[in-house]
2 protein chains.
Amino acid sequence: MVERLSALAQPTRLGVFRMLMRAGLNGLPAGAIAATAGVPGNTMSTHLAILSRAGLVSARRQSRSIIYTANLDTIRDVLSFLVEDCCGGHPEICAPLIKIADNTCCPPQTKHKPQPKPKRRAT
Amino acid sequence: MVERLSALAQPTRLGVFRMLMRAGLNGLPAGAIAATAGVPGNTMSTHLAILSRAGLVSARRQSRSIIYTANLDTIRDVLSFLVEDCCGGHPEICAPLIKIADNTCCPPQTKHKPQPKPKRRAT
DNA sequence: ACGTTATTTCAATAGATCTCGATATATGGA
DNA sequence: TCCATATATCGAGATCTATTGAAATAACGT
């Protein structure tokens, strides 16, 4: 589990992981990922290997390209692990956590990204 | 966000975070946390400072002890960030993620939610 | 004030990680 | 086969992280 969190705890890799989450089942080839992230191919290859070793992404070859896809089951395990037993007999405490899936992951219909709420006035 | 994930990507700190998630609103004093984890006080203090700077835990003084508590809002943001836009128009793909809160965080046998969930069709 | 307990901060070292040039491997086409 | 494309692996230097002894700070009791 630490390996999985470590894999995500790096700016380039976190960006790649989210890119692949959005890309869905189709995934993306290594070259496109590197180009989008603005990182040399060999550097990205190292990062992808780390994500892959952590089980967060899967790779398949398609002709000359290697297509990477996010592994939903693994990320589910990571999230579950973090909130495991958090309620300790007081489910109401965890109410904020329960809304994650419905509000963020699979927003009802038109809603997509959570809009940044204006907390303070811009100066 | 990388700072938050980095804070969790270390065995001692991940253990402490989960310990505090289970401890709930009462939290635990630094000394007890260090003793339970089997780590010297100053080492644990460093780890707690990292979790605190990342916003994952909060600290309050109570007499001579410093009581640490997990910050549920922050961990919710972390989880949301990871699964953001994961569905890309195909909510069924994310079905595994939707079950996290209900199955792991607040298991059904102790379930007692403040408001019902008249939401999507479950399978 | 003094001593005791609880925790933090400082400083130094050991170890791990990030990046990228050079090189190697794999695929497809002529 | 030879060449071009796509990606992976190696190696080394720079940077970051983890740990802990020693010293500092904070609160309480006497």
So, is T43(A) near the phosphate of dT19(C), with a side-chain N or O under 4.0 Å from OP1 or OP2?
no
If you round to the nearest 0.5 Å, how far is CZ of R76(A) from CG of N71(A)?
9.0 Å
Is there a donor-acceptor pair under 3.5 Å between the side chain of S65(B) and the backbone N or O of P29(B)?
no
Atom CD1 of I66(A) to atom C1' of dT27(C): distance rounded to whole Å?
10 Å
Run the salt bridge (Lys or Arg N to Asp or Glu O under 4.0 Å) check on R53(B) and E3(B) step by step: do they pass?
CA-CA 9 Å; R53(B) 227 177 298 127; E3(B) 184 183 15; 5.1 Å; no
Under a 3.5 Å distance rule, please check whether R4(A) uses its side chain to pair with a backbone N or O of I75(A) as donor and acceptor.
no
Can any side-chain N or O of S45(B) pair as donor or acceptor with the backbone N or O of G41(B) at less than 3.5 Å?
no
Using a 4.0 Å heavy-atom cut-off to protein, can you give one letter per nucleotide of nucleotides 23-30 of chain D, 5' to 3': B if the base is in contact, S if only the sugar-phosphate is, - if neither?
---SBS--
Taking the side chain as C-beta and beyond, is there a heavy-atom pair between L51(B) and Y68(B) under 4.5 Å?
no
Nearest 0.5 angstrom please: L72(A) CG to D77(A) CG, how far?
11.0 Å
Find the distance between CG (D73(B)) and CG (L56(B)) and round it off to the nearest 0.5 Å.
11.5 Å
Which whole-number value in Å describes the distance from L5(B) CG to dC16(D) P?
19 Å
CZ of R13(B) to OG1 of T46(B), rounded to nearest 0.5 Å, is 9.5 Å
Between C1' of dA8(D) and CE of M44(A), the distance in whole Å:
14 Å
For DNA chain D, find the residues of residues 7-17 of chain B with a heavy-atom distance under 4.0 Å and give them by number; none if there aren't any.
Q10(B), R13(B)
Whether H47(A) contacts dT17(C) is assessed here as follows: a side-chain N or O lying under 4.0 Å from the phosphate OP1 or OP2. Is that the case?
no
dT7(C), OP1 or OP2 - any side-chain N/O from S65(B) closer than 4.0 Å?
yes
Within this structure, what is the CD1-to-P distance between I67(A) and dA8(D), rounded to whole angstrom?
11 Å
Could you tell me how far apart R53(B) (CZ) and dA18(D) (P) are, to the nearest whole angstrom?
11 Å
Using a 4.0 Å heavy-atom cut-off across all strands, classify S6(A) as base, sugar-phosphate, or nothing.
nothing
Please give me every residue in residues 24-41 of chain A whose heavy atoms get under 4.0 Å of an atom in DNA chain C, ordered by residue number.
P40(A)
N or O in side chain of Y68(A) less than 4.0 angstrom from dA6(D) OP1/OP2:
no
Short question: side chain of R61(B), backbone of S63(B) - any donor-acceptor pair under 3.5 Å?
yes
To the nearest 0.5 Å, what is the distance between CG on L48(B) and CD1 on I66(B)?
10.0 Å
Whole-Å gap separating C1' (dT17(D)) and CG (L51(B)):
14 Å
